[in-house]
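Chain naming here is simple, since letters A, B, ... match the order of the sequence lines and numbering starts at 1 in each.
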Protein chains: 2
Amino acid sequence: MLDVRRLRLLRDLAHLGTIAAVAEAHTYTPSAVSQQLAALQREAGVRLLERAGRRVALTPAGAALVRHTEVVLAALEAADATLAGARAGLSGSVRIGAFPSAVRTLLPPALVALARDHPALDLMVTELDPVDVPAALRDRRLDVALLHDYDTVPVEPDRALDSTPLLDETVYLAVAAGTDPAADPIEGARHANWIVGSPGTLCHAVARHACQLAGYQPTVRHQADDFTAALALVAAGQGVALVPQLAVNQPPPGVRLLPLAIRRRTRVAYRKGAASHPAVAACVAALHATAAAFPGDDPPGRHDEPPPGGPPSAA
Amino acid sequence: MLDVRRLRLLRDLAHLGTIAAVAEAHTYTPSAVSQQLAALQREAGVRLLERAGRRVALTPAGAALVRHTEVVLAALEAADATLAGARAGLSGSVRIGAFPSAVRTLLPPALVALARDHPALDLMVTELDPVDVPAALRDRRLDVALLHDYDTVPVEPDRALDSTPLLDETVYLAVAAGTDPAADPIEGARHANWIVGSPGTLCHAVARHACQLAGYQPTVRHQADDFTAALALVAAGQGVALVPQLAVNQPPPGVRLLPLAIRRRTRVAYRKGAASHPAVAACVAALHATAAAFPGDDPPGRHDEPPPGGPPSAA
DNA sequence: CAGACACGTAAGCTGAGCTGATGCTTGACG
DNA sequence: CGTCAAGCATCAGCTCAGCTTACGTGTCTG
């Protein structure tokens, strides 16, 4: 019978790419990971890895094994969830990850509701960029996390994760008040200075991608990860910025918001199998309840998946 | 993350009933199993077992955990199967279990075909009664096994196993040549001496059950597990016996066979997830091929499940 | 009401699996 | 083309999880 701990290392290797990274994620030394993977390979009787330059790559057999591993891990997660359900009362800790603007807006009401309904729950919030969410969930540094799904920058679904939709918002181009609106605002901003997120964040990627679709490279003048800061810069005539609806409840004076075709969909993600974990389910439900009260015009027509309970789709 | 080795112990406890039996199945001491289950319970945070007299019983939470465990184990078995598929050529050992009459009739041609087509395969045959098959498969003492499914004595499907149908035979009541056939042969044998299998075997249970349905307890005169022996006794006027079609290709003189409504369905069983194991699949295919050539009038109308490939049903 | 059966606990020992040190190969850079 | 760092593999050594053995406790049986 294959050892699940070793399979987990192989699975993480598939995602992280190097043994060193896997070791770091598990707080092991690379040596330990190397030994365990060698042992796994020995008992598998098939080559699972092969050196590719100075790193290692999975063989087809290794990749196939990883796919099976995802199933095993999801089943174990589900087992854990029913155990948590059997434990009297909702307790334990839930680590929630979210992007900055959600931490400011969406999360506080949800946390208040959760703390009221389940006092034994230890809620821990971590602010992080959506691009880091999948790895954080997989490595069990988080249990629940919010991420985005821009239609312009599609994220491929992660086999280890599930998610349910939360919000569907309009994205605006924030320009200085005096600006004339163009037919296509993005096209109109071809020669403008841009205020974007720092490189490596999703915001940064979305802005660049939107301009790329319009056929140009944006002139980046400022970098601001905080939308309030970005809007202040826009109001100061420093340039234009992409802002989602959630960030602009009350736009500062001196800013004009031009609605774009881009939509930002926010989802709650968790490890596959964890949907039935009562604490995770409570968090997801609380987030849904909070999101319903938010301005995000989440159109009923698209709501094919019922917020809680229904079968979640891959994140 | 729950430890699969411990989950396996819990799963086996659910089937075997006592820690001592689980220990024996794993060639551990009972103490070791007790300690591991205690550890599992500790990390689960829920009572999984409770003393029931001098044994232990699963709590509802424990039973739920066992159900999840079956999924995990099936996924691991499937992983194993794909690895076996990735290993060049068909090799390794397959332990096949079968009831005595199949070992005499059905198995030899299948073994010859398998040895011819896959010389690297180590085939090991074990003769055992169908009642012992599920436990033997679960405990990995066997990989593939034949079992029966009399409609009069229904076996509840085993969550850990899958199976596909092989043969569907008529069961006969063997009586001495001079006997007058009654409308209902079983009813007619109310006052006859019976020749049945030894207690604890499926044959024994089927005979008793058939008589019970007719409203009487059979007078057991002889016990013979071998059908040839039983038929010899019948020919010698020592009593009546139930024999399946497979056992009576050429009935000895002095025996009359009265067809009954009882049917004996033979199935090939294996651990869930092992269906895709190439060696297991080869065995199952070979058995199907052999069975097709046998007199078992397996009616096409009932054959809703295609022999190989189709989704197997629980054993 | 002894005796056997079954589980739990305590103590002690062994090996799986970790760390840390070392060496090899690969790719980047001047 | 030489140098350096990144990354993996291997070896030796140590530690602790988890096994066995021994014994105690509760419970069904003849």
### Message
I need the single residue from B:Gln41, B:Gln35, B:Glu43 that forms a side chain to side chain donor-acceptor pair (under 3.5 Å) with B:Arg6. Which is it?
### Response
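The single option meeting the side chain to side chain donor-acceptor pair (under 3.5 Å) with B:Arg6 is B:Glu43.
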
### Query
Nearest-Å distance, CG (B:Leu9) to P (D:dC19)?
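These atoms are roughly 8 Å apart.
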
### Message
Rounding to an integer number of Å, can you tell me how far A:Tyr28 OH sits from C:dG20 P?
### Response
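Roughly 14 Å, once rounded to whole Å.
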
### Query
Of the candidate nucleotides C:dC18, C:dT19, D:dC8, which contains the atom at the shortest distance from the side chain of A:Val56?
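The nucleotide sitting nearest to the side chain is D:dC8.
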
### Query
How long is the line joining CG of B:Leu37 and P of D:dC19, in whole Å?
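Result: 11 Å.
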
### Task
Report yes if at least one side-chain N or O of A:Thr29 is closer than 4.0 Å to OP1 or OP2 of C:dC18; otherwise report no.
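Answer is no, no contact under 4.0 Å.
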
### Task
Would you mind telling me which of A:Asp143, A:Asp139, A:Asp122 makes a salt bridge (charged side-chain N to carboxylate O under 4.0 Å, His left out) with A:Arg95?
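With A:Arg95 as partner, A:Asp143, A:Asp139, A:Asp122 yield a single salt bridge (charged side-chain N to carboxylate O under 4.0 Å, His left out), made by A:Asp143.
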
### Query
How long is the span from the NE2 atom in B:His26 to the CG atom in B:Leu9, to the nearest 0.5 Å?
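So the gap between those two atoms works out to 5.0 Å.
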
### Task
Answer yes or no: is there a side-chain heavy-atom contact under 4.5 Å between B:Leu83 and A:Leu2?
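Side-chain contact under 4.5 Å: yes.
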
### A:Ser34 vs D:dC8: side-chain N/O to OP1/OP2 distance below 4.0 Å
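No, A:Ser34 has no side-chain N/O under 4.0 Å of OP1/OP2 on D:dC8.
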
### Query
Counting only N and O atoms by type, is there a donor-acceptor contact under 3.5 Å from the side chain of A:Thr59 to the main-chain atoms of A:Arg47?
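Judged by distance alone, yes, a pair lies under 3.5 Å.
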
#### Entry: Distance in angstrom units between A:Gln35 CD and C:dG15 P, rounded
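Value for this atom pair: 18 Å.
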
#### Entry: Under 4.0 angstrom between B:Arg6 side-chain N/O and D:dG18 OP1 or OP2
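B:Arg6 to D:dG18 OP1/OP2: side-chain N or O found under 4.0 Å.
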
### Message
If I take atom CZ from residue A:Arg5 and atom CG from residue A:Leu40, how far apart are they, to the nearest 0.5 angstrom?
### Response
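Here the interatomic distance stands at 12.0 Å.
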
### Query
Can you check the A:Asp3 CG to D:dA17 C1' distance for me, whole Å?
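The distance from CG of A:Asp3 to C1' of D:dA17 comes to 14 Å, rounded to the nearest Å.
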
#### Entry: Whole-Å distance separating the CG atom of A:Leu16 from the P atom of D:dG7
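Going from CG in A:Leu16 over to P in D:dG7 covers 13 Å.
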
### Task
Return the nearest nucleotide to the side chain of A:Arg54; candidates are D:dT21, C:dG8, D:dA5.
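Minimum distance to the A:Arg54 side chain belongs to D:dA5.
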
### Message
In this structure, how many angstroms lie between the P atom of D:dT10 and the CD1 atom of A:Ile19, rounded?
### Response
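Taking CD1 of A:Ile19 and P of D:dT10, I get 10 Å after rounding.
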
### Message
Below the 4.0 Å mark, does C:dC18 have OP1 or OP2 next to a side-chain nitrogen or oxygen of A:Arg5?
### Response
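True: A:Arg5 side-chain N/O within range (under 4.0 Å) of C:dC18 OP1/OP2.
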
### Value rounded to 0.5 Å, distance of NE2 in B:His68 from CG in B:Leu7
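It is 10.5 Å, given to the nearest 0.5 Å.
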
### Message
Any base atoms under 4.0 Å from A:Gln36, or only sugar-phosphate, or nothing? Heavy atoms, all strands.
### Response
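Sugar-phosphate: the residue A:Gln36, judged by heavy atoms under 4.0 Å, touches backbone atoms but no base.
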
#### Entry: Proximal nucleotide (of C:dG17, C:dG20, C:dT9) relative to the B:Ser31 side chain
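Side chain of B:Ser31 sits closest to C:dT9.
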
### Query
Roughly how many Å is it from CD in A:Glu24 to C1' in C:dT19, rounded to a whole number?
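Value for this atom pair: 17 Å.
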
### Rounded distance (nearest 0.5 Å) linking atom CZ of A:Arg271 with atom CD of A:Glu70
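These two atoms lie 12.0 Å from each other.
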
### Query
To the nearest 10 degrees, what angle separates the axes at the start and end of the helix from C:dC1-D:dG30 to C:dG30-D:dC1, five pairs each?
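Answer for the end axes of this duplex: 30°.
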
### Message
Categorize A:Ala32 for me: base, sugar-phosphate, or nothing, with a 4.0 angstrom heavy-atom threshold over every strand shown.
### Response
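If one applies the 4.0 Å heavy-atom cut-off, A:Ala32 turns out to touch a base.
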
### Task
Ignoring the backbone of A:Arg51, work out which of C:dT19, D:dT20, D:dG7 is nearest its side chain.
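Nearest to the side chain of A:Arg51 among the choices is D:dG7.
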
